Amino acid sequence: MKILVINPGSTSTKVSVFEDEEVIFTDSVFHDAPLLLSYPTVPDQTPMRKEVTRKFLLDRGMDISDMDVIVGRGGGAHTQKAGVTLIDQKLYEDTKNNVGGSDHASMLGVLCAYEFAVEYNKVAYTLNPTNIDEFIDEARLTGISGLYRHAQSHALNQKAICELHAKKMGKDIKDTNFVCAHIDGGITIGAHKGGRMIDCTEGAGGDGPFTPTRLGSIPVLSVCRFLEKGHTTAELRKMCSRAGGFVSHFGTSDSKKIHAMVEAGDEKATTVWNAMLYQTAKSIGEMACVLSGKVDAILLTGGLVRYTDIVEYIKEHCGWIAPIALYPGEVEQEAMAWSVLDAINGKREILHYEGKDVFTSFPWDKTVY
């Protein structure tokens, strides 16, 4: 069975083809912020991301018609349960209309996969989209009645890394506590208890560390001052997922360029880079507290883990909490392909999108924002 896996990220498009469990090829292309910001919304990027996918296949003598199954990274719809989900028209439309409110590249995986599936008469699936919701109630509440924190993270990679590390430890995932930090164009840090992500920073929602593309947590009064100076909520929304962080400070999301400036001793680049690491370490500490300090391991994953200074900084600031394990890059392609293959073979349940949030509100909140 040939499986096409499409994984659009905030700074790249990654495409893989698997034959059963074996990877035939994996390739990716970097997209800098100026190109992506030329599209008014993330769904507007769909034709471009589809063309990237086609080219990867054509360069290897393949075509979409050669595939049996298409799998796309997901996000942007109503919150969902963890697992393999069939991409149907409702999930496609809710994703395209961004009913989840997060203008993030992950939604392009569902959009591309479904459009290819319709065009070529295939079946499409997604796995653990960015908006799976396994939060405990305490993680939802804010200091405004009826205004909740939302589940929005690198759930796909975080959960896959947690499962992988549990196996390496010889433990059942249900008997583990992990803090997992995905560090790349976006950064999210989650608390995983018994295989369930009970809390996580809302990466594309203005929460947690700032990143190459995202603004991170900012005091509300500072945001008010920003808006009072004539900036718009539309600008602010873009900064949540595409135009914040390095893009705001330097005009680029290219971490290689910024890190080269750091190595050359540039004062601004060094300060901004270290501030990102500081905020990342602080968020790891917060999630350790969520787990009452009972942390089996801190798992570092994502593309930026390739930089030794990032790893050393986190070890210095967080190594006292728990052992630190490194998983540079991610295992998202394998997780999507293998999980969908298991589902098709009857080893995993295939979920159907319900078109409503996993959590809506607490009964005492009369108004929900």
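Keep in mind the model is a prediction, meaning the values are calculated, not measured.
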message = List the residues meeting ring pair (Phe, Tyr, Trp, His ring centres under 6.0 Å) with Tyr148, not counting sequence neighbours, and say none if there are none.
response = Phe359, Phe362

request  = With sequence neighbours left out, write down each residue that passes side chain to side chain contact (heavy atoms under 4.5 Å, CB included) with Ser339, or none if nothing qualifies.
outcome  = Val84, Leu127, Arg348

request  = Spell out, yes or no, whether Ile6 and Tyr39 are grouped together once hydrophobic residues are joined by side-chain heavy atoms under 4.5 Å, including indirect joins.
outcome  = yes

task = Would you give the length of the straight line joining atom NZ of Lys347 to atom CG of Leu341, rounded to the nearest 0.5 angstrom?
result = 7.5 Å

key: Separation between CG of Leu300 and CG of Leu326, rounded to the nearest 0.5 Å   = 5.5 Å

ask   = Is it true that Lys81 and Asp133 have a side-chain N and a carboxylate O under 4.0 angstrom from each other?
value = no

message = Donor-acceptor pair, distance only, cut-off 3.5 Å: does the side chain of Asp254 make one with the backbone of Asp32?
response = no

Distance-only check: which donor-acceptor pairs under 3.5 Å involve side-chain atoms of residues 282-298, not counting sequence neighbours?
{"residue": "Ser283", "atom": "OG", "partner": "Gln279", "partner atom": "O", "Å": "3.3"}
{"residue": "Asp296", "atom": "OD2", "partner": "Asn177", "partner atom": "N", "Å": "2.7"}

Sidechain N-carboxylate O distance under 4.0 Å for Glu115, Arg54 = no

task = Search all heavy atoms of Asn128 against all heavy atoms of Gly83 and return the closest pair with its distance.
result = OD1-N, 2.7 Å

ask   = Below 6.0 angstrom between ring centroids: does that apply to Tyr313 and Trp273?
value = no

ask   = Taking all atoms of both residues into account, what is the closest heavy-atom pair of Ala281 and Cys318, and its distance?
value = O-SG, 3.6 Å

request  = Would you please test His31 and Thr11 for side chain to side chain donor-acceptor pair (under 3.5 Å) and show each step?
outcome  = CA-CA 5 Å; His31 309 298; Thr11 58; over 6 Å; no

query = In chain order, what residues pass the side chain to side chain contact (heavy atoms under 4.5 Å, CB included) check against Thr211, with sequence neighbours excluded?
reply = Ile187, Thr213, Arg214

Atom pair CE (Met169) and CG (Leu164), whose distance is rounded to the nearest 0.5 Å = 12.0 Å

query = Can you tell me if Asp44 uses its side chain to pair, donor with acceptor, with the backbone of Thr41 under 3.5 Å?
reply = yes

key: Asp103 and Arg242: CA distance, side-chain angles, deciding distance, salt bridge (Lys or Arg N to Asp or Glu O under 4.0 Å) verdict   = CA-CA 8 Å; Asp103 197 36; Arg242 296 193 283 154; 3.3 Å; yes

query = Between the main-chain N or O of Glu332 and the side-chain N or O of Glu330, is there a donor-acceptor pair closer than 3.5 Å?
reply = yes

inquiry  = Counting neighbours of NZ on Lys193 that are heavy atoms of other residues, nucleotides or ligands and sit closer than 6.0 Å, is the number greater than 12?
reply    = no

task = Verify the distance criterion only: is there a donor paired with an acceptor across the side chains of Thr201 and Asp207 at less than 3.5 Å?
result = no

request  = Could you pull out the closest heavy-atom pair between Leu86 and Ala124, with the gap in Å?
outcome  = CD1-O, 3.5 Å

message = Starting from Val123, can I reach Val118 by hopping between I/L/V/M/F/W/Y residues whose side chains sit under 4.5 Å apart?
response = no

request  = Taking all non-hydrogen atoms of both residues into account, name the closest pair between Ala181 and Ile189 and its distance.
outcome  = CB-CG1, 3.7 Å

query = Once you round to the nearest 0.5 Å, how far does SG of Cys112 lie from CD of Glu51?
reply = 10.5 Å

ask   = Rest of the hydrophobic cluster containing Leu236 (Ile/Leu/Val/Met/Phe/Trp/Tyr, side-chain heavy atoms under 4.5 Å)?
value = Leu215, Ile218, Val223, Phe226, Leu227, Met239

request  = Could you tell me the separation between the CE atom of Met336 and the CD atom of Glu334, rounded to the nearest 0.5 Å?
outcome  = 9.0 Å

request  = Indicate yes or no for a side-chain donor-acceptor contact from Thr46 to the backbone of Pro43 under 3.5 Å, with no hydrogens or angles considered.
outcome  = yes

Contacts table for residues 65-78: side-chain donor-acceptor under 3.5 angstrom, sequence neighbours left out:
{"residue": "Ser65", "atom": "OG", "partner": "Asp63", "partner atom": "OD2", "Å": "2.8"}
{"residue": "Asp66", "atom": "OD2", "partner": "Asp63", "partner atom": "N", "Å": "2.8"}
{"residue": "Asp68", "atom": "OD2", "partner": "Lys2", "partner atom": "N", "Å": "2.7"}
{"residue": "Arg73", "atom": "NH1", "partner": "Pro8", "partner atom": "O", "Å": "3.0"}
{"residue": "His78", "atom": "ND1", "partner": "Asp357", "partner atom": "OD1", "Å": "3.1"}

key: Residue pair Val368 / Ser361: nearest heavy atoms and the distance that separates them   = CG2-CB, 3.5 Å

query = Do you know the tightest heavy-atom contact between Met276 and Thr280?
reply = O-OG1, 2.8 Å

inquiry  = Hydrogens and angles aside, do His352 and Thr85 bring a side-chain donor and acceptor to less than 3.5 Å of each other?
reply    = no

ask   = Does one hydrophobic cluster hold both Met107 and Leu37, with members joined at side-chain heavy-atom distances below 4.5 Å?
value = no

request  = Check ring pair (Phe, Tyr, Trp, His ring centres under 6.0 Å) between Tyr92 and all other residues, then give those that pass, not counting sequence neighbours.
outcome  = Tyr114

inquiry  = When you measure from the side chain of Asp172 to the backbone of Asp175, do you find a donor-acceptor pair of N or O atoms at a distance under 3.5 Å?
reply    = no

key: Neighbour count >12 (heavy atoms, 6.0 Å) for atom CG, Asp59   = yes

inquiry  = Let me check something: do Ile136 and Leu141 share a hydrophobic cluster, defined by ILVMFWY side-chain heavy atoms less than 4.5 Å apart, either directly or through other members?
reply    = no

ask   = Does any N or O in the side chain of Ser12 come within less than 3.5 Å of the main-chain N or O of Gly9, such that one atom is a donor and the other an acceptor?
value = no

key: Residues, nucleotides or ligands: over 12 heavy atoms within 6.0 Å of Lys96 NZ   = no

ask   = Which other residues belong to the hydrophobic cluster containing Tyr369, where Ile, Leu, Val, Met, Phe, Trp and Tyr are joined when side-chain heavy atoms lie under 4.5 Å apart, directly or via other members?
value = Ile144, Leu147

query = Can you tell me if Arg60 uses its side chain to pair, donor with acceptor, with the backbone of Leu57 under 3.5 Å?
reply = no

message = For the CG atom of Asn7 and the CZ atom of Arg49, what is their distance to the nearest 0.5 Å?
response = 9.5 Å

What side-chain donor-acceptor pairs closer than 3.5 Å can you find for residues 255-268, not counting sequence neighbours?
{"residue": "His259", "atom": "NE2", "partner": "Asp309", "partner atom": "OD1", "Å": "3.2"}
{"residue": "His259", "atom": "NE2", "partner": "Asp309", "partner atom": "OD2", "Å": "3.2"}
{"residue": "Asp266", "atom": "OD1", "partner": "Lys268", "partner atom": "N", "Å": "3.2"}
{"residue": "Asp266", "atom": "OD1", "partner": "Ala269", "partner atom": "N", "Å": "2.8"}
{"residue": "Lys268", "atom": "NZ", "partner": "His249", "partner atom": "O", "Å": "2.6"}

Just list the side-chain donor-acceptor pairs under 3.5 Å for residues 151-163, sequence neighbours left out, or say none.
{"residue": "Gln152", "atom": "NE2", "partner": "Ser102", "partner atom": "OG", "Å": "2.9"}
{"residue": "Gln152", "atom": "NE2", "partner": "Thr130", "partner atom": "OG1", "Å": "3.2"}
{"residue": "Ser153", "atom": "OG", "partner": "Ala155", "partner atom": "N", "Å": "3.4"}
{"residue": "His154", "atom": "ND1", "partner": "Thr188", "partner atom": "OG1", "Å": "2.7"}
{"residue": "Asn157", "atom": "OD1", "partner": "Val331", "partner atom": "N", "Å": "3.0"}
{"residue": "Asn157", "atom": "ND2", "partner": "His182", "partner atom": "ND1", "Å": "3.1"}
{"residue": "Asn157", "atom": "ND2", "partner": "Thr301", "partner atom": "OG1", "Å": "2.9"}
{"residue": "Gln158", "atom": "OE1", "partner": "Gly190", "partner atom": "N", "Å": "3.4"}
{"residue": "Gln158", "atom": "OE1", "partner": "His192", "partner atom": "NE2", "Å": "2.7"}
{"residue": "Gln158", "atom": "NE2", "partner": "Thr188", "partner atom": "O", "Å": "3.3"}
{"residue": "Gln158", "atom": "NE2", "partner": "Thr188", "partner atom": "OG1", "Å": "3.0"}
{"residue": "Lys159", "atom": "NZ", "partner": "Glu134", "partner atom": "OE1", "Å": "3.0"}
{"residue": "Lys159", "atom": "NZ", "partner": "Glu134", "partner atom": "OE2", "Å": "3.4"}
{"residue": "Lys159", "atom": "NZ", "partner": "Gly195", "partner atom": "O", "Å": "2.8"}

request  = Decide, yes or no, whether a salt bridge links Arg149 with Glu202 under the criterion of side-chain N to carboxylate O below 4.0 Å.
outcome  = no

request  = Please check if the side chain of Ser241 supplies one atom and the backbone of His104 the other of a donor-acceptor pair under 3.5 Å.
outcome  = no

key: Glu228: side chain to side chain contact (heavy atoms under 4.5 Å, CB included) partners, not counting sequence neighbours   = Cys224, Arg225

task = Please identify each residue that fulfils ring pair (Phe, Tyr, Trp, His ring centres under 6.0 Å) with Tyr278, with sequence neighbours left out.
result = none

